[in-house]
Amino acid sequence: MDLKTKIQTATKDAMRARDAARLSTLRLISAAIKDREIAARSGEGEVAGLSDADLLAILARMVKQRQESAKAYEEGGRLELAEKELAEIEVLGEFLPRPMTPEESEAAIDTVIAELGASSVRDMGRVMAELKARYSGQMDFGAVGQSVKQRLL
């Protein structure tokens, strides 16, 4: 079952269970996917289907937005809004792959560098692109970028 189908099934289940908070988050996910599909259409109106990697990127961006919002709400003393954002992160996390441990990330970086034959900082873009293609939603690419750079120096 692809990711989009899982989200649609979860939405139907939330409707049946009358779980308003979960349903709201799932509808936000569906809206973000629909927006991305509309943006990806060609001039003739053909729909270019989104891959699971595209969907994972959308979900990861939504999680990051909610983390930033929750932090801002906590700093502003709006704990009830921060809790709502954290609850949405929990629902979004159900559809994301398990995050890699630092050791798994380091091993993946070493593997990609070896496979691409990367030897200098000039190869960093290729290495990062390959890591994003393979491990989207599983790695923190902000931290990974520093690690890749250190290995290629």
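Counting begins at 1 with the first residue of the sequence.
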**Q** Would the number of heavy atoms belonging to other residues, nucleotides or ligands and lying under 6.0 Å from CZ of Arg151 be above 12?
**A**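 More than 12 heavy atoms, drawn from other residues, nucleotides or ligands, come within 6.0 Å of this atom.
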**Q** For atom CD of Glu115, is the number of surrounding heavy atoms from other residues, nucleotides or ligands below 6.0 Å larger than 12?
**A**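 Counting other residues, nucleotides and ligands, CD of Glu115 exceeds 12 neighbours.
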**Q** Grouping I, L, V, M, F, W and Y whenever their side-chain heavy atoms are under 4.5 Å apart, do Leu152 and Val112 come out in a common cluster?
**A** yes
**Q** Tell me, do Glu130 and Arg126 make a side-chain contact under 4.5 Å, heavy atoms counted?
**A** no
**Q** Atom CD of Glu80 and atom CZ of Arg78: how far apart are they, to the nearest 0.5 Å?
**A** 5.0 Å
**Q** Considering only heavy atoms from C-beta outward, does the side chain of Lys34 approach that of Arg36 to under 4.5 Å?
**A**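 No - every pair of side-chain heavy atoms lies 4.5 Å or more apart.
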**Q** According to a hydrophobic-cluster definition based on side-chain heavy atoms being under 4.5 Å apart (Ile, Leu, Val, Met, Phe, Trp, Tyr only), do Tyr135 and Leu116 belong together?
**A** yes
**Q** Ala70 and Ala82: which non-hydrogen atoms are nearest, and at how many Å?
**A**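 What the structure gives for the nearest pair is O-CB, 3.7 Å.
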**Q** Indicate yes or no: at least one non-hydrogen side-chain atom of Met15 is less than 4.5 angstrom from one of Arg27.
**A**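 In short, these two side chains touch, coming nearer than 4.5 Å.
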**Q** Determine whether the side chains of Ser147 and Glu106 contain a donor N or O and an acceptor N or O closer than 3.5 Å.
**A** yes
**Q** Are Lys149 and Met124 packed together at the side-chain level, in the sense that at least one heavy-atom pair is separated by less than 4.5 angstrom?
**A** yes
**Q** Could you state the interatomic distance from CG (Asp13) to CG (Asp19), rounded to the nearest 0.5 Å?
**A** 10.5 Å
**Q** Quick check for you: to the nearest 0.5 Å, what is the distance between Ser24 atom OG and Lys84 atom NZ?
**A**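 Nearest 0.5 Å value for the OG-NZ distance: 5.5 Å.
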**Q** Write down the atom of Ala60, the atom of Leu96, and the distance for their closest heavy-atom approach.
**A** N-CD2, 4.1 Å
**Q** Quick check: closest heavy atoms across Ile109 and Val144, and the distance to 0.1 Å?
**A**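 Looking at all heavy atoms of both residues, the closest pair is CD1-CG1, 3.7 Å.
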**Q** Exactly one of Arg61, Met62, Glu68 should register a side chain to side chain contact (heavy atoms under 4.5 Å, CB included) with Lys64. Which one does?
**A**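 Result: among Arg61, Met62, Glu68, Glu68 is the only option passing the side chain to side chain contact (heavy atoms under 4.5 Å, CB included) with Lys64.
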**Q** Indicate yes or no: does Glu88 engage Arg22 in a salt bridge with an N to O separation below 4.0 Å.
**A**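 A salt bridge is absent here (no side-chain N lies under 4.0 Å from a carboxylate O).
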**Q** Would you confirm whether Asp54, through its side chain, and Ser51, through its main-chain N or O, come within 3.5 Å as a donor-acceptor pair?
**A**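 Pair found, side chain donor or acceptor close to backbone of Ser51.
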**Q** Between CE of Met128 and CG of Asp123, what distance do you get to the nearest 0.5 Å?
**A** 13.5 Å
**Q** Of all the heavy-atom pairs spanning Pro97 and Gln138, show the shortest one and how long it is.
**A**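 Shortest heavy-atom separation between Pro97 and Gln138 comes out as CG-CG, 3.5 Å.
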**Q** What distance separates Lys4 NZ from Thr9 OG1, expressed to the nearest 0.5 Å?
**A**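 Nearest 0.5 Å value for the NZ-OG1 distance: 12.5 Å.
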**Q** Looking at Arg66 and Glu90, is any side-chain nitrogen of the basic one under 4.0 Å from a carboxylate oxygen of the acidic one?
**A**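 No, no charged N to carboxylate O under 4.0 Å.
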**Q** Hydrophobic clusters here meaning ILVMFWY residues chained together by side-chain heavy-atom distances under 4.5 Å, can you tell me if Ile89 and Ile33 are in one?
**A** yes
**Q** Do Leu86 and Glu74 make a side-chain contact, defined as non-hydrogen atoms from C-beta onward lying under 4.5 Å apart?
**A**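 When only atoms from C-beta onward are counted, Glu74 and Leu86 do touch, with a gap below 4.5 Å.
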**Q** Among the clusters formed by ILVMFWY side chains lying less than 4.5 Å apart, do Ile58 and Leu26 turn up in the same one?
**A**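 Same hydrophobic cluster.
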**Q** Are Leu50 and Phe95 in one and the same hydrophobic cluster, where Ile, Leu, Val, Met, Phe, Trp and Tyr link if side-chain heavy atoms are under 4.5 Å apart?
**A** yes
